[in-house]
**Student:** 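Take this structure first; my questions come after.
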Number of protein chains: 2
Amino acid sequence: MPHRTLIAQQLARFFSVLSHPVRIRIIAELRNSELCVNSLQEILGISHSGVSQHLATLRAHRLIKEHRRGRNVFYRLCSPEMVTWLVDGITFITPDNSDEERLRTAAAMAKEQWSDPIDDRLLFEYEALNK
Amino acid sequence: MPHRTLIAQQLARFFSVLSHPVRIRIIAELRNSELCVNSLQEILGISHSGVSQHLATLRAHRLIKEHRRGRNVFYRLCSPEMVTWLVDGITFITPDNSDEERLRTAAAMAKEQWSDPIDDRLLFEYEALNK
DNA sequence: TTGAGATATGCAGATATTTGCAAATATAAT
DNA sequence: ATTATATTTGCAAATATCTGCATATCTCAA
């Protein structure tokens with residue numbers, strides 16, 4: 001298989017993982033801290049099973065890593081830089097049927113909120129754990 | 001609806017448009033030239049109907065624009081910069097079941113091939129047509 | 001045993017693929 | 001010019017496949 005085809009397939013797989021609002025929210029929430037299923041459930045306001053299933057998808061595609069502490073399982077991003085790239089993608093969304101003006105301001109606010117700096121100690125931990 | 005939710009939804013929609021290998025190939029092929037259905041059909045090696053339907057999806061979400069010249073309809077990207085961003089995304093794909101080494105070299109080659117510079121005259125045309 | 005989380009099942013809705021046809025436009029012949 | 005023909009593109013219906021969600025069940029550690 002030519003490499004263009006291979007990469008197009010893998011990219012498509014990757015995008016399909018990102019093509020759900022809850023998974024995007026999860027990635028954004030994990031941008032600068034690690035969280036357990038319970039915290040995510042409260043933040044997102046969906047069932048614990050739902051959170052768990054979306055985490056399973058993210059885990060299966062190696063976007064997140066887990067580690068147990070006490071009786072909780074905490075999740076972190078494999079590549080925290082992904083959030084920067086993801087926020088850049090907001091540039092390309094276009095209004096479908098929703099109010100164009102509202103979308104613009106929402107985009108600006110989301111970019112700001114999801115762009116706050118990654119905690120240094122956390123970054124250190126990431127590096128330690130990723131090798 | 002809180003703006004985070006709105007943006008997450010719109011981003012998810014956007015990603016779902018990108019979550020098909022043929023549409024990714026089309027976007028990549030349109031990076032520095034405009035093409036008609038026939039050319040795309042030859043390049044991609046799929047049925048003309050298939051090309052047409054994927055173009056319809058891209059058009060419906062305003063990723064491409066069309067204009068007729070002679071007997072052909074030519075398609076161009078609304079935001080050529082999107083290809084740069086898309087190529088950056090290759091960084092985050094991880095091998096699933098396929099050979100890891102092969103994926104790495106394929107990624108490098110695709111990044112190179114899909115990163116060749118945009119023709120200046122074309123960029124000028126884009127700017128003229130996009131206002 | 002209790003609490004946190006993962007997994008299995010089944011259903012509903014969405015999405016892709018194929019096939020065939022319709023509409024529009026160009027080309028050529030008369 | 002008019003008619004016939006071929007090309008290009010869009011569209012629709014049928015089928016198959018994928019995805020998400022809810023409920024229930026299961027595992028593991030404290």
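Convention: sequence-line order gives letters A, B, ...; per-chain numbering from 1.
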**Student:** To the closest 0.5 Å, what do you measure between CG (L40(A)) and CD1 (I26(A))?
**Tutor:**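 Nearest 0.5 Å value for the CG-CD1 distance: 5.5 Å.
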**Student:** Taking for each residue the nucleotide of DNA chain D with the nearest heavy atom, is it T57(A) or L55(B) whose nucleotide lies nearer the 5' end?
**Tutor:**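 That would be L55(B).
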**Student:** Take atom NE2 of H20(B) and atom P of dA14(C), then tell me their distance rounded to the nearest Å.
**Tutor:**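 So the NE2-P distance, H20(B) to dA14(C), works out to 19 Å.
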**Student:** Nearest 0.5 Å, what's the CD1-OG1 distance between I24(B) and T5(A)?
**Tutor:**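 One gets 11.5 Å once the value is rounded to the nearest 0.5 Å.
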**Student:** Picking from R76(A), R68(A), K65(A), what satisfies salt bridge (charged side-chain N to carboxylate O under 4.0 Å, His left out) with E34(A)?
**Tutor:**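 Looking at R76(A), R68(A), K65(A), the match for E34(A) under the salt bridge (charged side-chain N to carboxylate O under 4.0 Å, His left out) is R76(A).
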**Student:** Please list, pair by pair, any protein nitrogen or oxygen found under 3.5 Å from a nitrogen or oxygen in nucleotides 24-28 of chain C.
**Tutor:**
from	atom 1	to	atom 2	distance (Å)
dA26(C)	OP1	G70(B)	O	3.2
dT27(C)	OP1	R71(B)	NH2	3.4

**Student:** Atom CG of N38(B) and atom C1' of dT7(D): how far apart are they, to the nearest Å?
**Tutor:**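 Distance, rounded to whole Å: 8 Å.
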**Student:** So which heavy atom on C78(A) is nearest to which on R62(A), and how close?
**Tutor:**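 Answer, listing the atom of C78(A) first, then R62(A): SG-O, 3.4 Å.
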**Student:** Rounded to whole Å, please give me the gap between CD1 in I46(A) and C1' in dT19(D).
**Tutor:**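 Rounding to the nearest Å, CD1 of I46(A) and C1' of dT19(D) are 15 Å apart.
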**Student:** Using a 4.0 Å heavy-atom cut-off, does Y75(B) contact any base of the nucleic acid, only the sugar-phosphate backbone, or nothing at all?
**Tutor:**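 If one applies the 4.0 Å heavy-atom cut-off, Y75(B) turns out to touch the sugar-phosphate alone, with no base involved.
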**Student:** Any idea which heavy atoms bring A106(A) and H3(B) closest together, and the distance?
**Tutor:**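 Closest approach of A106(A) to H3(B), heavy atoms only: CB-CB, 3.5 Å.
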**Student:** Would you mind reading off the distance between E66(A) atom CD and dA6(C) atom P, rounded to a whole angstrom?
**Tutor:**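 The answer, rounded to whole Å, is 6 Å.
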**Student:** Can you name the closest pair of heavy atoms from H54(B) and V22(B) and give their distance?
**Tutor:**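 Result for this residue pair: CD2-CG1, 3.6 Å.
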**Student:** Would you list the protein and nucleotides 22-25 of chain D atom pairs, both N or O, that sit under 3.5 Å from each other?
**Tutor:**
from	atom 1	to	atom 2	distance (Å)
dA22(D)	N6	Q53(A)	NE2	3.0
dT23(D)	O4	S49(A)	OG	3.2

**Student:** Between dG10(D), dA6(C), dA4(C), which one does the side chain of S52(A) approach most closely?
**Tutor:**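 Output: dA6(C).
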**Student:** Using the closest heavy atom to pick a nucleotide of DNA chain D for each, name whichever of F74(B) or S16(A) lands nearer the 5' end.
**Tutor:**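 Of the two residues, F74(B) wins.
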**Student:** Nearest-Å distance, CD1 (I24(B)) to P (dA16(C))?
**Tutor:**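 To the nearest whole Å, that distance equals 12 Å.
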**Student:** Please give, in whole Å, the distance from dG20(D) P to F15(B) CZ?
**Tutor:**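 Result: 15 Å.
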**Student:** Atom CZ of R13(B) to atom P of dA14(C): distance rounded to whole Å?
**Tutor:**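 Going from CZ in R13(B) over to P in dA14(C) covers 13 Å.
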**Student:** Measure the acute angle between the ring planes of F14(A) and W85(A), then classify it against the limits of 30° and 60° as parallel, tilted or perpendicular.
**Tutor:**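 Geometry flag for W85(A) against F14(A): tilted rings.
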**Student:** In whole angstrom, what separates Q41(A)'s CD from dG3(C)'s P?
**Tutor:**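 Nearest whole value for this atom pair: 14 Å.
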**Student:** Rounded to the nearest 0.5 Å, what separates atom CD1 in I93(B) from atom CD1 in I7(A)?
**Tutor:**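 I93(B) CD1 to I7(A) CD1: 4.0 Å, rounded to 0.5 Å.
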**Student:** Please name the pair of heavy atoms, one in Y75(B) and one in L30(B), separated by the smallest distance, quoted to 0.1 Å.
**Tutor:**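 Shortest heavy-atom contact: O-CD2, 3.4 Å.
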**Student:** I want to verify a distance call: between dA4(C), dA6(C), dG10(D), whose nearest atom is closest to the V37(B) side chain?
**Tutor:**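 Nearest to the side chain of V37(B) among the choices is dG10(D).
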**Student:** Can you tell me which nucleotide in dA6(C), dG5(C), dT8(D) comes closest to the side chain of R59(A)?
**Tutor:**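 It is dA6(C).
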